[in-house]
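Notes follow the structure.
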Amino acid sequence: MLRKLFKFNGGVKPATNKADSTRDPIKPVPMPPQLVVPLHQHVGGTPHPLVAAGEQVLKGQRIGAADGNVSSAVHAPTSGRVLAIEHRVMAHTSGLTTLSVVIEPDGEDRWIDAQPLPWRSMGADELRDEMRDAGVVGLGGAVFPSHLKLKPGKSGTDTLVINGAECEPFITCDDLLMRERAKQIVRGAEIMQHMLQARRVLIGIEDNKPEAVAAMNQAIAARGASTMEAVAIPTRYPAGGAKQLIRVLTGIEVPHGHRSTDYGVQCFNTGTAYAIADVVDRGRPLISRIVTVAGNVERPGNYEVLFGTPMDHVAALAGVKADTDRFIMGGPMMGFRMPAYDVPVVKATNCILVGSEALFPAPAPEMACIRCGECARACPADLQPFELYWHSRAKNFGKAQEYHLFDCIECGCCAYVCPSHIPLVDYYRFSKSEIWARERQKDAADLARERFELRNERIEREKREKAEKLAAKTAAGRAAATADNAPAPSAEPAAASSDDSKKALIAAAMARAKAQRESAAAQPTLAPNNNIAPATPTATSAEEAPSASSTEKPL
Amino acid sequence: MSLNSPYLRKPTSVTRVMGEVLLALLPGIAAYVWFFGIGILVQLALATVAALLAEAAFLMLRGRPVTRSLSDLSAVVTAWLIALAFPSIGPWWLVTAGTIFAIIVAKHLYGGLGQNPFNPAMVAYAIMIVAFPALMSQWPGAGRLDAATQLDLILGGARKIDAITSATPLDALRTGLRTEGNTVAALLQGEGFGLFAGHGWEWVAVGFLAGGAYLLARRIITWHIPVAFLGVLGLLSAGGAWASPLNFPGPVFSLFSGAAMLGAFFILTDPVSGATTPRGKLIYAAGAALITWIIRQFGAFPDGVAFATLLMNLCVPLIDMKTQPPVFGHKTKD
Ligand code: SF4
Ligand code: SF4
């Protein structure tokens with residue numbers, strides 16, 4: 001049982017604050033009067049609505065269909081009537097709105113006719129499509145569509161890592177899920193192992209959750225899963241970052257911008273494993289998740305929450321204290337402040353952290369960086385955060401990138417330890433968004449230039465074609481005239497004009513070929529620009545993020 | 001003001017870091033007072049007041065929040081290092097002028113805390129030793145000057161004091177070797193030398209070593225700079241002593257003389273002007289040790305730590321750039 005573990009550099013050990021929310025079992029939430037289900041809850045394309053206002057829906061009925069393969073479906077969390085499909089404020093710091101399906105529950109909570117999947121006899125692609133249509137996405141907070149990752153790597157998959165580390169302070173939803181529903185997690189892991197053809201499954205759990213480790217081991221033993229193992233790893237934030245966990249368990253360091261599959265490893269959250277078991281064994285799509293309510297509340301705890309439930313509806317059950325001044329989605333290290341208290345719980349919501357000035361005081365005033373290097377020692381990505389800060393502050397984005405800005409997973413360790421109280425991560429977020437904005441601008445400019453060139457090309461071509469036609473016509477006319485009158489002097493101009501028309505033909509053909517080539521070359525740059533581009537950078541960073549979503553994620 | 005994560009902060013501050021550094025200087029200062037009298041305390045006080053006044057004046061001029069920046073204690077650390085680097089019986093204006101120069105020119109004209117490429121205390125030392133070489137070379141001998149004489153020397157201005165001061169052990173040794181044709185071993189038996197280095201000074205150095213150990217234990221500094229500096233200086237001294245025992249003092253004497261210990265734990269480790277990457281710190285400190293040793297053995301100044309520090313400060317941007325540690329994942333790639 002004693003497995004050799006590896007270490008990642010850096011990391012910090014903030015007070016975990018987990019004891020209070022793990023006393024009670026997972027609790028249900030009374031049906032809210034309204035559910036607001038955003039269609040876009042994951043990385044990738046926005047699903048298009050499958051229902052219209054006024055329509056009746058059943059629990060588990062698909063209400064949003066995946067938009068292409070890099071997307072995921074969305075379902076009605078209960079039975080009832082669709083009141084509207086409209087833009088509502090989303091669970092994102094920006095306060096932006098997103099197209100959402102507003103459902104009024106009918107109180108009956110009537111399921112669709114759900115059937116277990118004969119998964120062992122199903123083709124791999126077919127099973128993946130099922131996962132997509134069941135809305136399964138990464139529930140660690142990254143919300144990356146799971147079906148896209150349930151594919152063996154080029155050289156096969158050696159290890160499936162199940163992430164039960166849960167390193168962020170306050171959050172205990174995975175802990176409780178493992179304690180109470182270990183059997184289904186193991187079951188889900190088995191299905192994933194099958195889909196990935198993985199040799200072994202390692203379930204990484206921080207050693208501050210001994211109950212969860214025991215429960216998982218018990219479930220593994222009961223199942224007789226000989227290639228599966230629950231491993232207690234040292235408690236150190238951000239051990240739950242996908243890349244950090246993979247490093248700790250396997251010793252493999254997956255470089256930024258690379259997929260762990262290429263290194264024979266794939267990583268999923270425990271909640272995702274649980275969701276997959278639900279899809280396969282009960283035919284039930286993803287419509288709810290476990291959410292921790294903690295922080296400035298009377299009774300911190302965990303709740304099973306339907307997506308679309310307003311956060312304040314859930315938090316009220318835990319007794320929100322009077323001096324509350326914010327809701328944070330996620331943990332205190334990587335979470336994001338919500339623009340309103342009633343934003344809906346979505347697939348990325350692992351925790352509603354209720355905040356107050358007393359609990360999370362504003363940091364002391366920012367002072368000058370003294371280059372003490374504390375941040376570098378704390379950085380799990382082995383970066384030099386103060387150099388990034390320096391260059392970000394000077395808006396020297398090129399230099400920031402040279403210092404590997406995009407390897408930063410925004411874990412917040414550097415800002416946590418900085419004696420000068422510099423909000424370092426804010427500087428990185430700023431730099432990243434500036435760089436993305438510039439790239440988009442450049443792409444847009446390139447696109448415009450290409451369009452302009454293509455247009456010129458077309459006009460040229462049309463001109464030439466006209467000339468060519470004209471030339472052909474004159475040549476024909478001349479020829480006819482020659483035939484009629486046969487005057488010797490006209491032979492020369494006729495020959496000349498047929499030469500011209502030939503030239504025009506060749507030029508036109510060349511222009512066409514060129515235009516085709518260019519538009520073909522333009523395709524790949526245009527396509528991502530249209531829909532995936534805003535998501536692509538976040539797709540990787542979100543995948544790497546320990547638990548919370550990143551700002552730029554189009555939720 | 002930050003509205004974004006992380007919402008948790010470790011209870012730490014520049015004030016705490018600087019406070020720990022001041023605390024760590026106390027054992028060395030205590031030994032200093034024990035062997036050489038209260039002169040050093042007067043110098044420390046003078047430097048502190050000068051530093052705070054200069055800092056406050058400049059912060060006001062630059063329109064910065066005065067109390068907040070003063071309370072970061074960085075000016076006090078600079079002041080103490082200057083006082084410890086200067087002779088403790090120098091006239092009051094020597095340390096005062098040096099400190100004001102350090103704060104204004106070496107710190108604020110470069111943009112204030114965090115921006116100065118050179119260690120301000122060492123800039124002060126270098127300027128003053130060039131400007132006032134005689135005054136900067138008059139050190140008290142252990143137990144030879146009572147409090148009244150010391151005060152008189154400090155407050156009464158520069159007088160003829162050659163008779164009652166002595167050269168530092170480093171100086172004494174070198175002068176002895178150069179002029180009188182003595183051997184190291186013979187000289188070390190003589191007056192002014194103690195168990196393993198200068199009488200009294202060796203214990204001051206031990207005090208700084210203890211303070212350095214404290215800083216290491218408190219994780220205020222990392223091991224790289226002290227180990228590389230003391231290691232290389234020790235090796236060079238051992239090599240010199242091995243090659244020519246008549247002319248070169250051995251490693252123990254070298255490490256416990258002059259500003260070696262102060263430099264290893266308090267001066268070279270100044271984060272602002274020093275190298276920051278782990279490998280960079282090793283190179284930076286090893287370079288400083290080499291220059292220190294060369295100046296000590298072959299140069300004209302009593303000690304080499306100050307100039308070694310300044311020269312290596314100059315190389316920091318290059319060293320840092322060339323020693324960036326591999327980023328997570330980039331070690332396994334290519
Ligand atoms: S921890 Fe803060 S003060 Fe220290 S080097 Fe990093 S950014 Fe600068
Ligand atoms: S936020 Fe980025 S720079 Fe800071 S410690 Fe985390 S990975 Fe390193």
Side-chain angles (χ1 to χ4, degrees), chain A residues 8-9 12 14-15 93 169 243 247 252-256 258 263 328 330-337 353 355 359-360 362-374 376-377 380-384 386-387 403-404 407 410 412-413 415-421 423 425-426 429 548 551, chain B residues 1-21 64-65 68-69 71-72 74 77 107 111-117 219-222 224 269-278 280-281 316-317 320-321 323-334:
Chain A
F8 63 92
N9 294 330
V12 294
T93 325
K243 292 194 168 168
R247 160 97 193 140
I252 296 170
E253 277 193 16
V254 181
H256 169 74
H258 289 239
Y263 294 77
I328 296 159
M333 295 300 286
M334 293 190 70
F336 289 97
R337 188 186 184 135
L353 185 57
L359 190 60
F360 303 125
E366 179 178 345
M367 313 240 306
C369 166
I370 54 170
R371 291 165 47 94
C372 64
E374 278 297 322
R377 262 168 275 159
D382 301 334
L383 302 175
Q384 300 283 306
F386 59 91
E387 301 274 13
Y403 280 92
H404 307 283
D407 282 37
E410 297 182 19
C413 290
Y416 175 78
V417 299
C418 176
S420 289
H421 313 293
V425 190
D426 283 357
R429 291 187 187 118
T551 348
Chain B
M1 190 211 45
S2 156
L3 290 175
N4 300 324
S5 57
Y7 299 98
L8 290 181
R9 299 299 172 114
K10 199 172 163 180
T12 170
S13 64
V14 178
T15 310
R16 192 193 68 95
V17 173
M18 296 294 171
E20 298 263 24
V21 173
R64 297 291 170 89
R68 197 212 301 165
S69 298
S71 68
D72 69 22
S74 64
V77 169
K107 183 174 176 186
L113 182 64
Q115 317 257 2
N116 46 296
R219 296 171 166 275
I220 304 288
I221 59 173
T222 62
H224 305 81
T269 49
D270 165 35
V272 175
S273 57
T276 53
T277 64
K281 284 176 177 173
V316 161
D320 272 354
M321 202 176 72
T323 56
Q324 287 296 312
V327 167
F328 184 92
H330 293 248
K331 329 183 221 318
T332 44
K333 209 180 73 177
D334 6 282

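Each chain gets a letter, A, B and so on, in the order its sequence line appears, and its residues count up from 1.
- Across all their heavy atoms, B:Leu8 and A:Pro169 have their closest contact at CD1-CG, 3.9 Å.
- Of all heavy-atom pairs between B:Thr12 and A:His421, the closest is O-CE1, 2.8 Å.
- Interface residue B:Val17: only side-chain heavy atoms are found under 4.5 Å from chain A.
- Of the two parts of A:Ala376, neither the backbone nor the side chain holds a non-hydrogen atom closer than 4.5 Å to a non-hydrogen atom of chain B.
- Contacts between B:Asp270 and chain A at a heavy-atom distance below 4.5 Å are absent for every atom of the residue.
- When heavy atoms are compared at a cutoff of 4.5 Å, B:Ser69 does not approach chain A at all.
- The CZ atom of B:Arg68 lies 9.0 Å from the CD atom of A:Glu366; values are rounded to the nearest 0.5 Å.
- Ranked by heavy-atom pairs under 4.5 Å with chain A, the first of B:Pro271, B:Pro278, B:Pro325 is B:Pro271.
- When each of A:Leu359, A:Val417, A:Leu353, A:Val12 is checked for heavy-atom pairs under 4.5 Å with chain B, A:Val417 comes out on top.
- Contacts of A:Cys413 with chain B are absent, with no heavy-atom separation under 4.5 Å from either backbone or side chain.
- The shortest heavy-atom contact between A:Arg377 and B:Arg219 is NH1-O, 3.7 Å.
- The shortest non-hydrogen separation linking A:Phe336 to B:Tyr7 is C-OH, 4.0 Å.
- For A:Ala415 against B:Arg9, the heavy-atom pair with the smallest separation is O-NH1, 3.3 Å.
- Of the inter-residue distances, the one linking B:Gln324 atom CD with A:Glu387 atom CD reads 5.5 Å to the nearest 0.5 angstrom.
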- Query: Would A:His404 and B:Phe328 count as a side chain to side chain contact (heavy atoms under 4.5 Å, CB included) if you check the C-alpha gap in whole Å, the side-chain angles of each, and the deciding distance to 0.1 Å?
  - Reply: CA-CA 10 Å; A:His404 307 283; B:Phe328 184 92; over 6 Å; no

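- Ranked by non-hydrogen atom pairs under 4.5 Å with chain B, the options A:Pro365, A:Ala364, A:Cys372 are led by A:Pro365.
- Looking at heavy atoms from C-beta onward, A:His256 lies out of side-chain contact with B:Val327 at the 4.5 angstrom threshold.
- Between chain A and the residues B:Asp72, B:Thr276, B:Thr222, the most heavy-atom pairs under 4.5 angstrom are made by B:Thr276.
- The backbone N or O of A:Gly335 lies less than 3.5 Å from a partner atom in the side chain of B:Ser5, making a donor-acceptor pair.
- Across A:Arg371 and B:Gly114, no two heavy atoms sit closer than the pair CD-O, 4.2 Å.
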